[in-house]
Structures are given as structure tokens and as C-alpha cells.
Peer 1: 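I have a structure here, written as C-alpha cells, and I will follow up with some questions on it.
Quick note: numbers below take in every heavy atom, side chains included, and nothing from hydrogens, waters or symmetry partners. Counting starts at 1 for both ligands and their atoms, in listed order.
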Amino acid sequence: MAIIIHKYGGTSVGTPEKIKNVARRIKKVIDAGNEVVVVVSAMGHTTDELIDLMHKVTDSPDPREYDMLVSTGEQVSAALLAMALQSAGCPAVSLTGGQAGVVTEDIYRKARIKEIKLDRIKKELKGGRVVVITGFQGIDSKGDIITIGRGGSDTSAVAMAAALKADVCDIYTDVDGVYTTDPRIVPEARKLKHISYEEMLELASLGAQVLHPRSVEVASLYGIVIHLRSSLKDDEGTYIGKAPRLTSFARGKEAGKMEKKEAVRGIALDENIAKIGILHVPDKPGTAAKLFGALAKGKINVDMIVQSIHSQGTLADMAFTVERTDMKRAVEVAKKIAAELKAEGVVSDPDVSKVSLVGVGMVSQPGTASKMFETLASEKINIQMITTSEIKISCVIKAEQGKQAVRALHKAFGLEKVA
Ligand code: ADP
Ligand code: ASP
Ligand code: MG
């Protein structure tokens, strides 16, 4: 008997009808003789609504109470799904993260999962019940409810698959796979049959919200294939981490393409960033260490960093990006350090976005960066910052031009065409 792991996202359990639809899907898998563990997100936009509610009560929420509040959404959908399963004649039990044995670090709001103690889950499965587990949460060493970061139910599900030694984790969502870019921005985007862990991790980390980046990390660590698919169709979705068999790939309609790989596999847009600049800092050893050390101490994640030399030779300008919600705190830290370093001042801009091209084939095919810059130039989009790695190129641009940039780049690199 195989253990099958399903994860259903917010839209897939967004209404009572959709919850009943999920129950019917699970019943089919049970009737085929499998054991099923289901991880669910909160219904629809429940988590956002809980956060809005919180802001009506306080501007500075206590992190422990934040977790207490936002974790409740998943409890609603888990209990409702268990009831829908029972009504469909399928014995089921819902468990909170803590009841399911999900132990996290002692950090509120974005803890990592440390381990999953399987005793309770195994007992329920043995009793012939479908186990429905709340995603996005666990408990810490004190027994407090802890959440693992927005969008984290994907990671809960993949971690569950790893603990239960499943080979595949089925993640059901409102799209039928991973596309070359967000199909809400580019309707011509193409569904990918397969994508490597490396490329998916980059796309997810660079803003493609379709998967929580840490779920891809856990999947690659434990060799779990993620099958990302639609909760409304039975079609195959996208396999993440499982490469197609090369022997058949090199034959048939792929003949002659043995070493040919598209340079760009996908495009991501991150609309949740802000840019901060420190002007005219003394260009001497220790400056960057002081600034970024202070930001790290304040638990502010810094993403892109660019330092440019100033004409006088003794001064430099530094710019970096942070998550938009961290901008205010980052500016405060930067101002303090700027005063200590006798820099000219600090500037900040929340109206920026980051557009990125991702592809492992990029490294062996020159010209990708220049084509990206030419495309943005022809759209009159100014590039404010650039970073590159072997498999990605990112540009910071004006926020209002983000979607236009994605559409132009998708077309320029011919991503709508079958590879
Ligand atoms: P869930 O609630 O199921 O976790 P999310 O809203 O978190 O779903 O993620 C699914 C959404 O991700 C899609 O509706 C789609 O608009 C967006 N998305 C962004 N980039 C991509 C991409 N490259 N491929 C598919 N979907 C994407
Ligand atoms: N409900 C949580 C969120 O909205 C977790 C998730 O959906 O994955 O962030
Ligand atoms: Mg999600």
C-alpha cells in the first residue's frame, strides 16, 4: 500500500463546493487502495484577511500572537475537509501541525521545520483514516504554535513527503503546472512538462509565487519529485526534479537537439522589493562589513548589492534591495551607519520591481544578458541595478514597468514556442 501526499492551496479549498470536490478526489485515491495524507492551506484569502484584522488592532503585533492568529485559517479548512471526507464515506481526521508532530525552530513567523514525529500520523493511517494536516505551521520546543513563512504550506507538504518516505508530492493549485512565466501576466506562457530543482528554486526565490522556495529546497535534499498540477483537472502537470529520459529525448521529434538547451527557461517578477542607496561612503576596507553587519543584526534580508566607484576615487555609492515590508527598518539602520561613516545621505525607493531570466543553459550560450538589456531598452525601460549568476540575470526597474518588461522579454526569447 502506497502513502500518497496531496497538498491543496487556498483557491483549491476556497469554497464549500471546492472542499467537497477535493474530498471526491481523495476518495478516488483511497478507493484505489492507497493511504492518503493531505496538507491544506487556509481557504481563499483567509490569511490576508486575518492580517488585515490584526492591523486594525495594532501596528506592532507581538510575533507570538501573530502566529497564534494567522495559523487559525488552516485549522478551518482542515476540519471542513475532514468533515467532507467523512460525509463522502471516507473516515478522516484533521490534525494541527503540533498534533501531527511537526516540530519547528523556536522562531516566530518564519521558522524552519526541524523534524516530524510520525507516531500520531502512523496511528491514524493504521486506523484506516485519511489524515488532513494544517499546512504552514508546527510547534516549537515550548509548545507554542509557530508559522513557517507566507506560502509555506508547500514546504509543509514536501517535508511530510520526506518524513513518510514518499517518492512524489502532489501539489494541487489553481494553475495546471509551472509555466514559462506567470500566465496571469502573459496568457501565451507555455506550460513546462519538467523543470530541474535548480531552475525551479531560482524562479521561486526570484518571485514566481507558484511554489514556496523552501519546498523546492527540501524536495531536492530528499530526492522527492514535486508534481504541481490543477485541482480541477486530472491532466498531468509539471514534474519538478525528475528529468525526462534522455535516450528517447534524443530521438523522435527531439532528434538533432542532443546538446541544444534553451538558454532561458522561465521569467520571474518580484513586485515586493524596495531599493536603498547610501551616497558617497568612504571607499575603504570595512565599510560594507559595517553596513551589512548592522542589517543582518536587525534580521533584515538583503538581496541585490551594487557598489559603484565615485569619480573622486575615495568615495563610493552603495545600493541594495530588501523586501518592501522591511524598507522602513532598513532605512533606519542605513541612516545610523551612514552618519557613523560620514556618508552624504541615504535614499530609498519602494516603487521598484525585479525582473529575472532563469535557465541552466545560459552559462553555455553567450548573448543572453545583452539581449535582455536590448529588449528593455527598446521598451524604454531604464535598468537601475543588475546582478547575474551562472543561471540567472536580474534587473531592478520601475515597478510600473514590471509587467511590460515580462511580456517583452517573454516574446523576445520566444518562450511561447514549443522548445
Ligand atoms: P496556492 O494558493 O495553490 O498555493 P498560489 O497563488 O500560491 O497558489 O500560486 C499559484 C499562482 O502562482 C498562479 O495562480 C499563478 O498566477 C502564479 N504564478 C507565478 N508564476 C508562475 C509560473 N511560472 N507558473 C505558474 N504559475 C505562476
Ligand atoms: N495560508 C498561508 C499563506 O497564505 C500559507 C499558504 O497558503 O501556503 O501564506
Ligand atoms: Mg502558494
Peer 1: Does an N or O from S41, backbone or side chain, lie closer than 3.5 Å to an N or O of ligand 1?
Peer 2: no

Peer 1: Which option, M200, Q209, K191, owns the non-hydrogen atom nearest atom 5 (P) of ligand 1?
Peer 2: Q209

Peer 1: Can you report which non-hydrogen protein atom sits closest to atom 25 (C) of ligand 1, along with the distance?
Peer 2: G177 O, 3.4 Å

Peer 1: State plainly whether the residues R120 and E124 are in salt-bridge range, i.e. N to O under 4.0 Å.
Peer 2: yes

Peer 1: Does at least one non-hydrogen atom of P183 fall below 4.0 angstrom from an atom of ligand 1?
Peer 2: yes

Peer 1: Is it true that the side chains of T155 and H212 contain a donor and an acceptor less than 3.5 Å apart?
Peer 2: yes

Peer 1: Check whether any N or O atom of D174, backbone or side chain, sits under 3.5 Å from an N or O atom of ligand 1, and answer yes or no.
Peer 2: yes

Peer 1: Taking atom NZ as the centre, does K335 end up with more than 12 heavy-atom neighbours from other residues, nucleotides or ligands that are less than 6.0 angstrom away?
Peer 2: no

Peer 1: Can we say K20 and E17 salt-bridge, meaning some charged N sits less than 4.0 Å from an Asp/Glu carboxylate O?
Peer 2: yes

Peer 1: Is A189 in contact with ligand 1, taking contact as a heavy-atom separation below 4.0 Å?
Peer 2: no

Peer 1: Give me the atom names and distance for the closest heavy-atom approach of L125 to E35.
Peer 2: O-OE2, 3.8 Å

Peer 1: So is R190 actually on top of Y179's ring, under 6.0 Å and inside 45° of the axis?
Peer 2: no

Peer 1: Please verify whether a non-hydrogen atom of K7 lies at under 4.0 Å from ligand 1.
Peer 2: yes

Peer 1: Please list, chain by chain and in numerical order, all residues satisfying ring-ring contact (aromatic ring centres under 6.0 Å, His included) with Y172, sequence neighbours excluded.
Peer 2: H6, Y8

Peer 1: In terms of residue, atom name and distance, what is the protein heavy atom nearest to atom 27 (C) of ligand 1?
Peer 2: V210 CB, 3.6 Å

Peer 1: For the side-chain contact (heavy atoms from CB on, under 4.5 Å) test, which of V210, D176, V175 pairs with P183?
Peer 2: V175

Peer 1: So, S153 and S41: side-chain donor and acceptor under 3.5 Å apart, yes or no?
Peer 2: yes

Peer 1: Check whether NZ of the Lys or CZ of the Arg K193 lies under 6.0 Å from the centre of the six-membered ring of Y239 and within 45 degrees of that ring's axis.
Peer 2: no

Peer 1: Against K354, only a single residue in N272, D303, T321, T387 fulfils side-chain hydrogen bond (donor to acceptor under 3.5 Å, both in side chains); can you say which?
Peer 2: D303

Peer 1: What atoms in ligand 1 come closer than 4.0 Å to a heavy atom of A208?
Peer 2: 20 (N)

Peer 1: Are any of the N/O atoms on S12, whether in the backbone or the side chain, positioned under 3.5 angstrom from an N/O atom of ligand 1?
Peer 2: no

Peer 1: Below 4.0 Å, non-hydrogen atoms only: which portion of T181 touches ligand 1? Side chain, backbone, both or neither.
Peer 2: backbone

Peer 1: May I have a table of the N/O to N/O pairs between ligand 2 and the protein that fall below 3.5 Å, each row giving the two atom names and the distance to 0.1 Å?
Peer 2:
{"residue": "ligand 2", "atom": "1 (N)", "partner": "T47", "partner atom": "OG1", "Å": "2.8"}
{"residue": "ligand 2", "atom": "1 (N)", "partner": "E74", "partner atom": "OE2", "Å": "2.6"}
{"residue": "ligand 2", "atom": "4 (O)", "partner": "T47", "partner atom": "OG1", "Å": "3.3"}
{"residue": "ligand 2", "atom": "4 (O)", "partner": "R150", "partner atom": "NH2", "Å": "2.9"}
{"residue": "ligand 2", "atom": "7 (O)", "partner": "S41", "partner atom": "OG", "Å": "3.2"}
{"residue": "ligand 2", "atom": "8 (O)", "partner": "G151", "partner atom": "O", "Å": "3.4"}
{"residue": "ligand 2", "atom": "8 (O)", "partner": "G152", "partner atom": "N", "Å": "3.4"}
{"residue": "ligand 2", "atom": "8 (O)", "partner": "S153", "partner atom": "N", "Å": "3.0"}
{"residue": "ligand 2", "atom": "8 (O)", "partner": "S153", "partner atom": "OG", "Å": "3.1"}
{"residue": "ligand 2", "atom": "9 (O)", "partner": "R150", "partner atom": "NE", "Å": "2.6"}
{"residue": "ligand 2", "atom": "9 (O)", "partner": "R150", "partner atom": "NH2", "Å": "3.4"}
{"residue": "ligand 2", "atom": "9 (O)", "partner": "G151", "partner atom": "N", "Å": "2.8"}

Peer 1: Does a salt bridge link R112 with E217, judged by any charged N lying under 4.0 Å from a carboxylate O?
Peer 2: yes

Peer 1: Is there any N or O on R184 that sits under 3.5 Å from an N or O of ligand 1?
Peer 2: yes

Peer 1: Using a 4.0 Å cutoff against the non-hydrogen atoms of V178, which atoms of ligand 1 qualify?
Peer 2: 24 (N)

Peer 1: Does a side-chain N-to-carboxylate-O contact under 4.0 Å join R229 and D235?
Peer 2: no

Peer 1: Looking at every heavy atom in both I107 and A111, which two are closest together, and how far apart are they?
Peer 2: O-CB, 3.1 Å

Peer 1: Which protein heavy atom lies closest to atom 2 (O) of ligand 1, and at what distance to 0.1 Å?
Peer 2: G10 N, 3.1 Å

Peer 1: Tell me: protein heavy atom nearest atom 21 (C) of ligand 1, and distance?
Peer 2: D182 CA, 3.6 Å

Peer 1: Could you find the nearest protein heavy atom to atom 1 (P) of ligand 1 and give me its residue, atom name and distance?
Peer 2: T173 OG1, 3.6 Å

Peer 1: If we set the cut-off at 4.0 Å for heavy atoms, which region of V175 has an atom near ligand 1: side chain, backbone, both, or neither?
Peer 2: side chain

Peer 1: Does the pair D351/K398 count as a salt bridge with the N-to-O cut at 4.0 Å?
Peer 2: no

Peer 1: Give me the residue, atom name and distance of the protein heavy atom closest to atom 23 (N) of ligand 1.
Peer 2: Y179 O, 3.0 Å

